[in-house]
Each structure stands twice: as C-alpha cells, then as structure tokens.
Amino acid sequence: MCVERVYNWFMSEAKYAHREIESKWLKKWEDEELNKTDLLGAKRPFYNLMMFPYPSAEGLHVGNMYAFTAADIYGRFKRMQGFDVFEPIGLDGFGIHSENYALKIGRHPKEHAQITQENFYKQLHQVGNMFDWSKTLETYDPEYYKWTQWIFIQMYKAGLAYRAKSEVNWCPHCKTVLADEQVIDGKCERCKSEMVRKELEQWFFRITKYAQRLLDNLDKLDWVQNIKTSQKNWIGRSEGMKLKFGKYEVFTTRPDTLHGATFLALAGKKDRFTGEMVINPATGKEIPVWEAVYVVADYGTGVIMGVPAHDERDMVFAKKHGIEVVEMEPDKSMEKYGEKTTHYHLRDWLISRQRYWGPPIPMINCPKCGWQPVPEKDLPVLLPDISDYQPEGEGKGPLAKHPEFYKTACPVCGGNAERETDVSDTFLDSAWYFLRYPSIRSAHSGQLPFDSEITKKWMPVHMYTGGAEHANLHLLYTRFLTMALHDLGYVPFEEPFKRFFAHGMIVKDGAKMSKSKGNVVNPDDYIAKYGADALRLYFMFLGPIDQGGDFRDAGMEGMARFVNRVYRLFDLPEAKSEDIVKAEQRLIKKVGEDIERRHYNTAIAAMMEYINLINGIGGWTKEQKGILAIMLAPLAPFLAEELWFKLAHKDSVHLQAWPKYDPGLAVQERGVIAIQVNGKMRDRVEDGPDVEQRALQSDKIKKFIGGAKYRTIFVPGKVINFVLNGK
RNA sequence: GCCCUCGUGGCGAAAUGGCAGACGCGCAUGCUUUAGGAGCAUGUCUUCGCAAGAAGAUAGAGGUUCAACUCCUCUCGAGGGCACCA
C-alpha cells in the first residue's frame, strides 16, 4: 500500500522538466551546428524565409513568435521530407521605427540597436526554431548597408532613381517625408500624426515604370487572393481615353458620355470659375472651365470633363454652381474624338528621409557637374556617430548640420561638392535582404551583394511567411526591386517569392495587445513557466494560422498538460495492439497532409486523439513511440528530441525522415456507415458485404420506409440513402 | 461608393457535397491524493422525455441536389483593402 502510494506520487510528479531539457538540447544543437545549411552542397534547396522583425521595443513580441513558429514548423517538416532547408533570421533595425523608439526613451539609436540585438537574438534562440545562426544580418551593419547604397547607385545609373521637386507627404512629428504607402487615412503609418503637404525636392524610385508588369505577374504568384487583390487595387489600373478640349486634355473612362459634358474642371484649392470657355468637340457648344476642389491634381491629367447627367459628383457640382445639365444616352461613337490611354494609381516611390538612422543616400552634388553617384570603391558612405541626431524639421536631416560629413570632393572634377544629407527609406533596406542571407560569407560576398551561383540555386524564395499588413509596402517594393535587378542582369528571376503565406494576428483575451492596455504578452514569461514547446503548440492549436488567434492563459495550461501527458505515456510498457497499428497509419497520413497545408491545429488534434487511444490501451511498442516522436519534431522540437533519446537513439530526431504510411491501412476506419431515408440520418450499420440488405432489416429503417417504393443511392464506405418515391 | 474575406455550442474550433460540433478550454459528478496542484473515469448543442427515443439547429430568406456548414441568389452583421481616381 505504502509502496503503491509512493509510486503513484512519483508518477504524478514525473513532470517534464522543460527548463533543463530545453537548455540542454539548445546547447547540443548549436555545438553540433545541427541547423547550419550547406548551401553549396545542397541537393534539394528549400529557402524558408520569414519577415525579419524590427526591434522597435525592448523585446520580441508574441506576434513575432507566433509567425516564426508557423514558418518554422513548415521548414522543419520540409527538412524531414528530404529538402535542404535554409532558414535564416536577422534584424530590420535601421529606420524610423527603431529610431522613434530610441528617441522616445532618450537613447542613441546606435546604442539602442546594440541592446536590442542582444535581447532579440537571445530570445530568438530560446523559441527553438531551426535558424541558421551562421547567416544573420542587421540592416544597420555597414557591411549590409554598403550594398543598400550600391543598389541605390545601380538604380540611379539605370534611370530608375531620380530627383524631383514635388508636393510630398510630410509628417510633422517624425519631421520627415513619407511615401504614399506609408500614409494611412491621411496619418503617419508610424506615429499616427496628421500629415501635411509640402513642396520639396526629393529622391524617387521609378516604380510606375513597372506598374503593368507588377500587375501582370500577380497571376503567376501562389499567394493568397486578398494580398493580390490589395496590390491590384493599389496599382489601380484604369483604362480610358484622352480627349482634347482646346488647350486642355482630360482623362475619362466614359468617353461615350462626351456629348453630355457641360463644363471642364481643373484641380483647384477652391471652387471658382476661371472666366474661360472651351468647345465641346462632340456638340460644338461652348462650355465653362472651372477650378474644383474635388478634382485631384496628380491623377490622370488633373483635368476632368463634367458630365452631370452621368456622374453624381459632377451633378452636385453643377447644381451648386448653376451649370447646365444635358440629359442624354451614352453613345459609343463618341470614342472617335479621343485616344485610348491607361492610367495607374501607383505613384513613384519616395526614397528620401530627413532623418539620421538610415543609410546615407550615396550621392554627391557638384556645383559644376551636378548630381554624381559616390564611386562604388568608396562605399559604404558611413553614417557618422553624432550626438545631435534628433530631427528638427524644415526639410533637412540631422546630417545637414555636419559639414565634416557633407563636405567632399566631386568624383568627376575633384572640385568642392556636397553629399546628400538625407538617408534612404527603411523599406529599401528590407526590399533586398532575402538576397543577402544565402550569400553571407560566400566567396564573392565582398565584391557583390549576392553571389550569382548561390542566388541561382536558392532563389526565388520557396516559401515566405509574414503579415498581410505589408501587402502594399514591403511586398510591392520587394517585387519592384527584384524586377529592376532582373532587368539590370543581376538576378535570373523577376519575382522574389514563389509562395507567400500570410499569418493572422494574435490578440489577448479578445483585445489587440498594447502597452497602454497593459495586456502585452511577453513570450519569455510563458517560455519560463510552460516551456517553448508548450507555447509553440498552444499558438498553433488556437485555430488556423491565417486567421490569427486569441491568447488565453487557461488554454495555455491545457497545452502544458498535453506535453506532460505525452512525456508520461512514454513510460508505458511494451505492448502490441492492432488498434494502434491502424490508428498510427491514419495519423501519419493526417499529420503529414495537415502540416503541408499548414493546418497545424488539426494535426495537433489528431495527435491528441492518438495519445488518448494509447492512454486507454495502456501500452505501445518502441517503434510506435519513435514514430510519434518524429511526427512531434516539427511542432515541439525539444520534447521530440527528449523522447527520441529516451528510446536510446544516438542521432537527432530532426534528422530523421518523415514516416511513410501504408495507404491500405490508413483508410478512414469507420466500421459503420450511415443509413439515410430521404437524406436524413436514421441509423447506422456495420460496413461490409450485403450492407444494403442489412440496412433494410433495421427496425428503424423499416419504420421510416413503411411499404413505400424507393430507390437507393449508395456511396461506398460512407452512406446509403433510401429515397422514397414522390421525392 | 467599389473590391476582398468571413459568420457553426458557454469559449477556441472541426467537417469544403455524404453521420454537424472531432480536438481542446471551461463546467458538472465520481475516484485517487495529508492538502493544493496533477492524474483517472463519466457527462456537457437546444426542446420534450425518468428513460428508450423524437423533433429542431451551422446569421436570415430562397434555390440547386437523393444529400448543403460546404455550391448559387438576395438580405443582415463583422473585419479588411481602395477611394472626391474622372
């Protein structure tokens, strides 16, 4: 009695010691370089990339871990299927987002970057992903931004970077201009301040030249539809005609309503009649030329024809100002007055930022020779260490206060010249990082940003995982830059990411996490309390990862229980069971298929069911335990390794091949099939020979059929439906 | 206004033309434990019924089909993208 009690106590206390176990395997994997990919020797390359984090706060956000776990499980699964998987990680720590945070806490951005780098990498080690730690990059590293500057120069030489005066979006808080894509509802994407319009001379990338190709290629991409739709809307192709009204040219998608045009409107600051009249080419009548607030200056030609009868806004304007309204029917023959043309909503990408924390734009302005690129041998243009790094506004960045930085010699004539003092947009840093990872420390990494042999072998990226919020920012810029580099002969492909998987957002108790609400989940706390594996499993069990999930502490407890349960069940004695054999075959099939389509929640559910079965039977074989450990490996890498070694194996579970199943044994074992009468489920019967005859003998079925005539629909293995006549 | 996605128990969800609610959380009852935790067993969509059972149920209404959470049409609701874009 006493012994039994002690045994029971011991069994219940045989808890999975996650802290010791996880740190033990981490150390071993890193000592043995388990996750280092042999890039040159790889036979079946699989580049598994996830959007690198920007360290805006002091630590890794659960949202990052959620996304990385989702991506890592897929990468681990691919490795077990025999692919050479390369899974790198780095930090996007250059740019406004990191700088704003540094400014807020009053720390120099460079110092802040050093601190966050240490923190982030420490946390990223703990989560148990198969990162190749020999290939990390940070966008603020001069070895990296040297090449960001190099890319700028190639763009300039190709005529894809240009300087122009234009009315731009100015954020009064961040004290810099922003690209159109970084303005949401008239507010700054980073700090939510109201934007103002400002006339400034700035550097632009000519993304509009690629509008049509960016649109056309969308059809070839294996991306979720809503991201493609979002890009399509953003590019905003609109087909129409150019029509001439005297000296004015208008763009319209409805040339067939030309004969109803009773006024012309130019973009203006207020509604005002110009005093001018022009001739409507279709009717020959004189119509007035107005300035109108509702006309947008930089779309189309900035001039519209007003057709009150066919456009609500034109009607409102006409009524307000007493302009004539002509009712008419649309007439295709009007198209003879115009010339077909296409317009895009997409604008050129504004690259300049009047800030400190970014790569200095590598251009020099000479009073005699004009703008010249910095000679490539002089790269990088180092960002100097300065103490007055705060932005002050009025169109110039902090570097403009430092003549020791900007005073230089013209690379052409050698005379006195000045460097550009703006830095480039952070989205330029992240638009090419995927090209750099595999080439880090390659033979040619010193001469070019990316090794052509490695690039050809490893790209385009096979699987990219990240947030949908980057649809019109990062994902569009990256596509554009890759296309441009392709045209310049640097990369052999046009599209950077063959497949893109968009994960959802993780919230806490139904609310978006934020510091002000005090509901921010720190993954470290949960890893310390429950272990990285339990947290990984919990994230993935919340629901489909493209839908995101709601983090609740109670659910987390449940998953820790599951981890313990699996661990305990490995102590069950050796026993053979026919039920387990079949269940195992089905499990192998299901888990493999579910991971492939990234339905991790149902893969985990299937394993739970299997574990419940094992628990009920009370024993299983060593081989069965081994197969389960292998299937757990992508989802719970530490637990799986611990279990695998418990079975006296000597090599890592992560190097094992994904198990195969026998399709004959893995069939859905129902045993029973449903019997319906008129499509309603009425009874069940054992599957097998003469199933229809046996179904008809059921009392319930007899009751429902009565003496009526019927016909039979039989779906083998699933259902028999008796359809009574008259139905 | 245009476009996209979605709507299933108390909760997260599963099933994508073939037995609606797998799996988990929570809850209830019992066993076990010095106690707490953990563990084990059973139950848990709604209504009627002691039960066996019956009827109903996937936002709502219609349709296609032997059969609809799943496909089609409309309505309502939620989330997202674009937008005085001519």
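Sequence lines set the chain letters: A, B, ... in the order given, protein chains first and strands last, and positions in each chain run from 1. Below, each value reflects all heavy atoms present in this structure, side chains not excepted, and no hydrogens, waters or symmetry copies.
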Rounded to the nearest Å, what distance is computed from the [atom1] atom of residue [X] to the [atom2] atom of nucleotide [N]?
X: A:H343; N: B:rC82; atom1: NE2; atom2: C1'; result: 18 Å
X: A:Q547; N: B:rA13; atom1: CD; atom2: P; result: 6 Å
X: A:Y16; N: B:rA38; atom1: OH; atom2: P; result: 19 Å
X: A:I545; N: B:rA14; atom1: CD1; atom2: P; result: 12 Å
X: A:K529; N: B:rA38; atom1: NZ; atom2: P; result: 11 Å
X: A:L613; N: B:rC40; atom1: CG; atom2: P; result: 14 Å
X: A:F704; N: B:rG53; atom1: CZ; atom2: C1'; result: 10 Å
X: A:M607; N: B:rA22; atom1: CE; atom2: P; result: 20 Å

Which nucleotide wins on minimum distance to the side chain of [X], given the candidates [options]?
X: A:K680; options: B:rG56, B:rC11, B:rG18; answer: B:rG56
X: A:V296; options: B:rC84, B:rC11, B:rA15; answer: B:rC84
X: A:I713; options: B:rG18, B:rG39, B:rA14; answer: B:rG18
X: A:H345; options: B:rC66, B:rA15, B:rC82; answer: B:rC82
X: A:A605; options: B:rA13, B:rG12, B:rA22; answer: B:rA22
X: A:A674; options: B:rA86, B:rC82, B:rC19; answer: B:rC19
X: A:R684; options: B:rG56, B:rA86, B:rC19; answer: B:rC19
X: A:K718; options: B:rG39, B:rG81, B:rG18; answer: B:rG18
X: A:W234; options: B:rA83, B:rA41, B:rA13; answer: B:rA83
X: A:R682; options: B:rA54, B:rC19, B:rA55; answer: B:rA55

Whole-angstrom distance between [N] and [M], as gauged at atom [atom1]:
N: B:rA67; M: B:rG18; atom1: P; result: 14 Å
N: B:rG36; M: B:rG43; atom1: P; result: 25 Å
N: B:rA38; M: B:rU44; atom1: P; result: 23 Å
N: B:rA86; M: B:rU5; atom1: C1'; result: 29 Å
N: B:rU64; M: B:rG10; atom1: P; result: 32 Å
N: B:rU58; M: B:rC71; atom1: C1'; result: 16 Å
N: B:rA78; M: B:rG24; atom1: C1'; result: 25 Å
N: B:rC45; M: B:rG21; atom1: C1'; result: 8 Å

Hey, does the side chain of [X] come within less than 4.0 Å of [N]'s phosphate (OP1/OP2), counting only N and O?
X: A:N601; N: B:rG12; result: no
X: A:N564; N: B:rG39; result: no
X: A:S238; N: B:rA86; result: yes
X: A:Y299; N: B:rA86; result: yes

Close N or O pairs between protein and nucleotides 24-30 of chain B (under 3.5 Å):
unit_1	atom_1	unit_2	atom_2	d
B:rG24	OP1	A:N612	ND2	3.0
B:rC25	OP1	A:R561	NH1	3.2

Can you tell me whether the side chain of A:N721 and the base of B:rC66 have a donor-acceptor pair closer than 3.5 Å?
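It does, because a donor-acceptor pair links the side chain of A:N721 to the base of B:rC66 below 3.5 Å.
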Detail all sub-3.5 Å separations between protein N/O atoms and N/O atoms belonging to nucleotides 7-9 of chain B.
none

For atom CD of A:E469, is the number of surrounding heavy atoms from other residues, nucleotides or ligands below 6.0 Å larger than 12?
yes
Does any pair with a residue in residues 606-616 of chain A pass side-chain hydrogen bond (donor to acceptor under 3.5 Å, both in side chains), and if so which ones, sequence neighbours excluded?
A:R565-A:N612
By the 4.0 Å heavy-atom rule, please label A:V295 as base, sugar-phosphate, or nothing.
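Result for A:V295 = base.
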So, using side chain to side chain donor-acceptor pair (under 3.5 Å) as the criterion, who are the partners of A:R272 when residues are at least two apart?
A:E291
Side-chain heavy atoms of A:I604 within contact of A:M559, under 4.5 Å:
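Yes, their side chains come closer than 4.5 Å.
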Close side-chain approach of A:Q231 and A:N233, heavy atoms under 4.5 Å
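No, side chains not in contact.
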On the 0 to 90° scale, with breaks at 30° and 60°, tag the A:H470-A:H474 ring pair as parallel, tilted or perpendicular.
perpendicular
With sequence neighbours excluded, give me every salt bridge (charged side-chain N to carboxylate O under 4.0 Å, His left out) pair touching residues 250-267 of chain A.
A:R254-A:D256
Would you say the ring centers of A:F317 and A:W290 fall short of 6.0 Å from each other?
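Close enough - the centres of the two rings lie under 6.0 Å apart.
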Is the A:F722 to A:F704 ring centre distance short of 6.0 Å?
no
Can A:E239 and A:T253 be counted as having a side-chain donor-acceptor contact under 3.5 angstrom?
no
First of A:H599 and A:G679 reached from the 5' end of RNA chain B, by closest nucleotide
A:H599
With RNA chain B as reference, determine whether A:D314 or A:T229 sits nearer its 5' end, using the nearest nucleotide of each.
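It is A:T229 whose nearest nucleotide is closer to the 5' end.
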Taking A:K247 for its side chain and A:V278 for its backbone only, find out whether a donor-acceptor pair lies under 3.5 Å.
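No: the side chain of A:K247 does not pair with the backbone of A:V278.
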Qualifying residues under ring pair (Phe, Tyr, Trp, His ring centres under 6.0 Å), relative to A:Y477, sequence neighbours excluded
A:W349, A:F427
